Asker: 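What follows is a structure written as C-alpha cells; I'll ask about it next.
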Amino acid sequence: MQEFKFSTSQTERLDEFLRRELPRAVVSIQVLRACSTTGISNSKIRRLILAGAVQVNGRPVLRPAFELRGHSIITVRFEAERFFYEKQPDDLAFEMSDAAVLYEDENLIFVDKPADFPVEQTITGNRANLHDAVVDYLWKRQPELRNPPYVGIMHRLDRTTSGVILFTKTRAVNKEISEVFQSHNLTKQYLAVVEAPRGEKGQASQFTVEMFMGRVTGKSQQGKWGQVAESRGGHYSKTDFRVLKKLSVEGRSCLLIECSLHTGRTHQIRVHLASRGLPILGDELYGGYPAKRIYLHAAHLAFTLNGKKYDVKAAHGFEATNVFSWE
C-alpha cells in the first residue's frame, strides 16, 4: 500500500485533479508503464474515490465531483501496481470450450490454460479470466440454474504460463485438495524452453536446484523473486530438472527441459533456471531473450484423492522446428 500527498490552491474538481496529478506522482514506479499513454480513465479515478482511498485535509471524500477550494492537502492511499494495470496488448481472447477440458468428473475439472490469460479477476474488475470462463462454460451446460455454478480455485498459474490447471466444482472437496497441495503429495511437472548455452560443450542432462526464496523487489515495483536467506524470511524451494532435447524456437537454438517441483514457491522454476544461467526464453524479468511468450508450460498434474487417482497431462504445443534428440 503506497501513500501519496498533493498540495494545491487551485479551485477544481477532485477527480480532475487526481487524473492529472496521480500519474506524475508515481512516475518512478515500474508499473506505470502499464498505464495508458492517454492517462487514467475517469472510471478508475471514480472507483478510487468511492473506495475511500482519498482524503482532503485529513477527511475522507467520497464524491468525485468534490470541489477543491483554497489551500488543500490531498492524500491518496492505494496499491499502485494493481491500480495501474490496464488490459495489455498481449492479453488473449479466449472462450472456454469442450476442447479445453482435459478431464472432468462430478467434483473436479482440469483445464488446458492458454498462455497470456490470467487465472482470476484483477482489481480492475473488467478483465477476462479463466475462472470466469469456466463458470460461464459450466453454466451454459446447465441453463436451468438461477445462479452461476460454483467453481473453486485451488492453485494458480502465472498469466504467461500455459497448461494443466485444476478447479473444483463442489466445496466439499476443497479441504482435501488443499491438503494435497500443501503437503506436496502430488506430481507437478512443467516444460520450459531455455536458450542453449554458448561456448560450452553442453548442459548437464540432469540437475537439481535448491535455495531459500523470497521477494527481492519493493512492494511498489514489479514482483521479482530470488534467493533470500532463511533468516531474512526466505522459504525453502527445490526443483529437479532434466534436459529432454535440443530444439529451435523462434529461430534460436534452445533446450527443452522437464521441471519436477518438490515445492511451489512464486516464480520458482523461473528463478531456479535463471540461477543456473538458463533463463526461460521470453522471460525478460529474469534475463531471458525476448520472445512471443514466456515458454513455460504446466505439462503434468497427478495425485490421489479419496482413493481415486488423477493423472492429467497437457501437450505443450510450443512452436518448434529442427527438433533433434539431446546427445
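Worth saying up front: this structure is predicted, and the values here are computed from it rather than measured.
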Asker: When you measure from the side chain of Glu250 to the backbone N and O of Lys292, does any donor-acceptor pair fall under 3.5 Å?
Answerer: yes
Asker: For Arg13, is there an ion pair with Glu67 - N to carboxylate O distance below 4.0 angstrom?
Answerer: no
Asker: May I ask you to decide if the ring planes of Phe241 and Phe207 are parallel, tilted or perpendicular, using 30° and 60° as cut-offs?
Answerer: parallel
Asker: Can you establish whether the number of heavy atoms outside Phe212 located under 6.0 Å from its atom CZ is more than 12?
Answerer: yes
Asker: Does Arg141, at its CZ atom, have more than 12 non-hydrogen atoms belonging to other residues, nucleotides or ligands within less than 6.0 Å?
Answerer: yes
Asker: Does the pair Asp116 and Arg159 meet the rule for a salt bridge (charged side-chain N to carboxylate O under 4.0 Å, His left out), with working shown?
Answerer: CA-CA 5 Å; Asp116 298 318; Arg159 178 184 66 88; 3.6 Å; yes
Asker: Any non-hydrogen side-chain atom of Glu195 less than 4.5 Å from a side-chain atom of Val249?
Answerer: no
Asker: With a 4.5 Å heavy-atom cut-off, do Leu130 and Phe167 have their side chains touching?
Answerer: yes
Asker: Under 4.0 Å between a side-chain nitrogen and a carboxylate oxygen: does that hold for Glu12 and Arg69?
Answerer: no
Asker: For the backbone of Glu210 and the side chain of Tyr236, can you confirm whether one donor and one acceptor N or O come within less than 3.5 Å of each other?
Answerer: no
Asker: Using a 6.0 Å distance limit plus a 45 degree cone around the ring axis, check whether Arg19 lies over the aromatic ring of Phe17.
Answerer: no
Asker: Any side-chain heavy atom of Glu21 sitting closer than 4.5 Å to one from Thr8?
Answerer: no
Asker: Please lay out, stage by stage, how Leu68 and Phe66 fare under the test side-chain contact (heavy atoms from CB on, under 4.5 Å).
Answerer: CA-CA 7 Å; Leu68 300 170; Phe66 179 85; 4.0 Å; yes
Asker: Determine, for Arg63 against Asp15, whether the closest basic-nitrogen to carboxylate-oxygen distance falls under 4.0 angstrom.
Answerer: no
Asker: Measuring only between side-chain heavy atoms, which start at C-beta, is Pro64 closer than 4.5 Å to Leu50?
Answerer: yes
Asker: Taking atom NZ of Lys308 as the centre, does the number of heavy atoms from other residues, nucleotides or ligands within less than 6.0 Å exceed 12?
Answerer: yes
Asker: I want to check something: taking the side chain as every heavy atom from C-beta on, are Thr263 and Met213 in contact at a cut-off of under 4.5 Å?
Answerer: no
Asker: Please find the pair of heavy atoms, one from Glu3 and one from Arg77, that lie closest to each other, and give the distance.
Answerer: OE1-NE, 2.6 Å
Asker: With a 3.5 Å distance limit and no angle check, can you tell me whether Trp139 reaches the backbone of Leu145 through a side-chain donor-acceptor pair?
Answerer: yes
Asker: I'd like to know if the side chain of Asn129 and the backbone of His131 have a donor-acceptor N/O pair within less than 3.5 Å.
Answerer: yes
